[in-house]
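Shown next, in structure tokens, is the structure this report addresses.
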Number of protein chains: 2
Amino acid sequence: MYQPDDTDYEILRLLQRNGELTNKEIAFSIGKSIATIHERVKRLKEEKYIKRTVAILDRKKINKNLIAFSHVLLSDHAFETLNTFEKEVSKFPEVMECFQMTGTFDFILRIATSDMDSYHEFYRHKLAKLPNIATVQSFFVLSETKSDTAYPL
Amino acid sequence: MYQPDDTDYEILRLLQRNGELTNKEIAFSIGKSIATIHERVKRLKEEKYIKRTVAILDRKKINKNLIAFSHVLLSDHAFETLNTFEKEVSKFPEVMECFQMTGTFDFILRIATSDMDSYHEFYRHKLAKLPNIATVQSFFVLSETKSDTAYPL
DNA sequence: ATTGAAATGTAGGAAAC
DNA sequence: GTTTCCTACATTTCAAT
């Protein structure tokens, strides 16, 4: 299996912060040739160290003013119950993230809507209608102190 | 204030999913000229609708196998207490996100580490040493059902 | 605001060292 | 890993609509 070295990690560090850097800029920044960077980046993408490159939008400007974290507990933990929940909840565009968790509930969802009315609409007519939901406890974001997609490397 | 139209939203929708699309590809996909797309994208960046473009890494490949969501309650809510917490917690590279929340605790943190030992290390020697922490309750990700950076548009 | 066309720069591949 | 060369695209600017 492919093991990235220090140079690769330097590149990942940079591209995690700014995916628009050119090979030339990266080469200059870490003191290697353009051809080397070209080769490294190509491999990092082929090997899926870089899953994809995406634009990060300002959610307030696109009217996603309300972010909720919801803790979901299911009524049972049969394989089919978990599977169905995961499959169905993933279809909702409002649900940006869904993680199965350790602890006193089963899933954390990150839900993006424009305001409390839209959240309520989503909750009543989509989330709460899924089968085998025992409880949903929701917490709302008051302010973002830090919001980063980059992992510490 | 600048108000994006349907064409702009089409572009945002596409770039949220794939930030590497060329103007040519976008132009073809939504039936406009390359120069138009160029103009729109430039403005969407200038006006900060697009905050930045980033590479999304495969966290398991870069050894960030443990993601925790931690609920933090502070011992008081004086302006300075909140401020100091936000400032200090943001400095930790393990903390990818920090949100102030409504409800029975004050903050949600998303923490990325390699394993439970490193998490413990972070918790004991960094997080728990911050002043005015009353309680920290942590939940760990078992599996990712959906993990998206794109807002519904 | 949108377009086609021209100039400049970058990507991507291949060669030799 | 670097350097050079090359072709193919992509970006960027601009005059015209």
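Quick caveat, the model's predicted, so the values are computed rather than measured. Order of the sequence lines sets the chain letters (A, B, ...), proteins ahead of strands, with each chain counted from 1.
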Problem set entry | Basic-acidic side-chain contact under 4.0 Å: A/Glu86, A/Lys91 |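 Here A/Glu86 does not pair with A/Lys91 in a salt bridge, since their nearest N and O are not under 4.0 Å apart.
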[X] [atom1] to [N] [atom2], straight-line distance once rounded to whole Å:
X: B/Lys42; N: D/dT13; atom1: NZ; atom2: P; value: 6 Å
X: B/Ile37; N: D/dT12; atom1: CD1; atom2: C1'; value: 15 Å
X: B/Ile34; N: D/dT11; atom1: CD1; atom2: P; value: 8 Å
X: B/Arg43; N: D/dT12; atom1: CZ; atom2: P; value: 16 Å

For this session: Please say whether more than 12 non-hydrogen atoms of neighbouring residues, nucleotides or ligands are located less than 6.0 Å from NZ in A/Lys51.
Result: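 Enclosed: over 12 neighbouring heavy atoms sit under 6.0 Å from NZ of A/Lys51.
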Exercise. Does atom CG of B/Asp6 have more than 12 heavy-atom neighbours from other groups under 6.0 Å away?
Worked result: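 Count not over threshold, so no.
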Exercise. Under a criterion of less than 4.0 angstrom to any heavy atom of chain A, what are the 5'-terminal and 3'-terminal contacting nucleotides of DNA chain C?
Worked result: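 Here the contact window of chain A covers C/dT10 to C/dG13.
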Exercise. Residues in salt bridge (Lys or Arg N to Asp or Glu O under 4.0 Å) with A/Lys64, at least two apart?
Worked result: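 For A/Lys64 there are no salt bridge (Lys or Arg N to Asp or Glu O under 4.0 Å) partners, ignoring immediate neighbours.
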Exercise. Does the side chain of B/Asn23 get closer than 4.0 angstrom to OP1 or OP2 of D/dA10 through an N or O atom?
Worked result: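 Checking B/Asn23 against D/dA10: no side-chain N or O falls below 4.0 Å of OP1 or OP2.
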Exercise. Closer than 4.0 Å, any side-chain N/O of B/His38 to the OP1 or OP2 of D/dT11?
Worked result: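 So the side-chain polar atoms of B/His38 never come under 4.0 Å of the phosphate oxygens OP1 or OP2 of D/dT11.
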Exercise. To the nearest 0.5 Å, how far apart are CG in B/Leu73 and OG1 in B/Thr104?
Worked result: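 The distance works out to 8.0 Å.
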Exercise. How many angstroms lie between CD1 in A/Ile56 and OG in A/Ser147, if you round to the nearest 0.5 Å?
Worked result: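 The CD1 atom of A/Ile56 sits 8.0 Å away from the OG atom of A/Ser147.
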Exercise. Quick one: which of A/Lys32, A/Arg40, A/Arg43 gives a salt bridge (Lys or Arg N to Asp or Glu O under 4.0 Å) with A/Asp5?
Worked result: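 The passing option is A/Arg40.
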At under 4.0 Å between heavy atoms, what does [X] touch on the DNA or RNA strands: base, sugar-phosphate, or nothing?
X: A/Ser33; answer: base
X: B/Thr36; answer: base
X: A/Lys24; answer: sugar-phosphate

Exercise. Between B/His120 and B/His125, does the ring centre distance come in under 6.0 Å?
Worked result: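 Between B/His120 and B/His125, the centre distance exceeds or equals 6.0 Å.
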Exercise. Under the side chain to side chain donor-acceptor pair (under 3.5 Å) criterion, do B/Ser114 and B/Asn65 qualify, and how do the steps go?
Worked result: CA-CA 5 Å; B/Ser114 59; B/Asn65 290 292; over 6 Å; no
Exercise. What does the inter-axis angle of the helix from C/dA1-D/dT17 to C/dA14-D/dT4 come out as, five pairs per end, nearest 10 degrees?
Worked result: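 Both end axes considered, the difference amounts to 30°.
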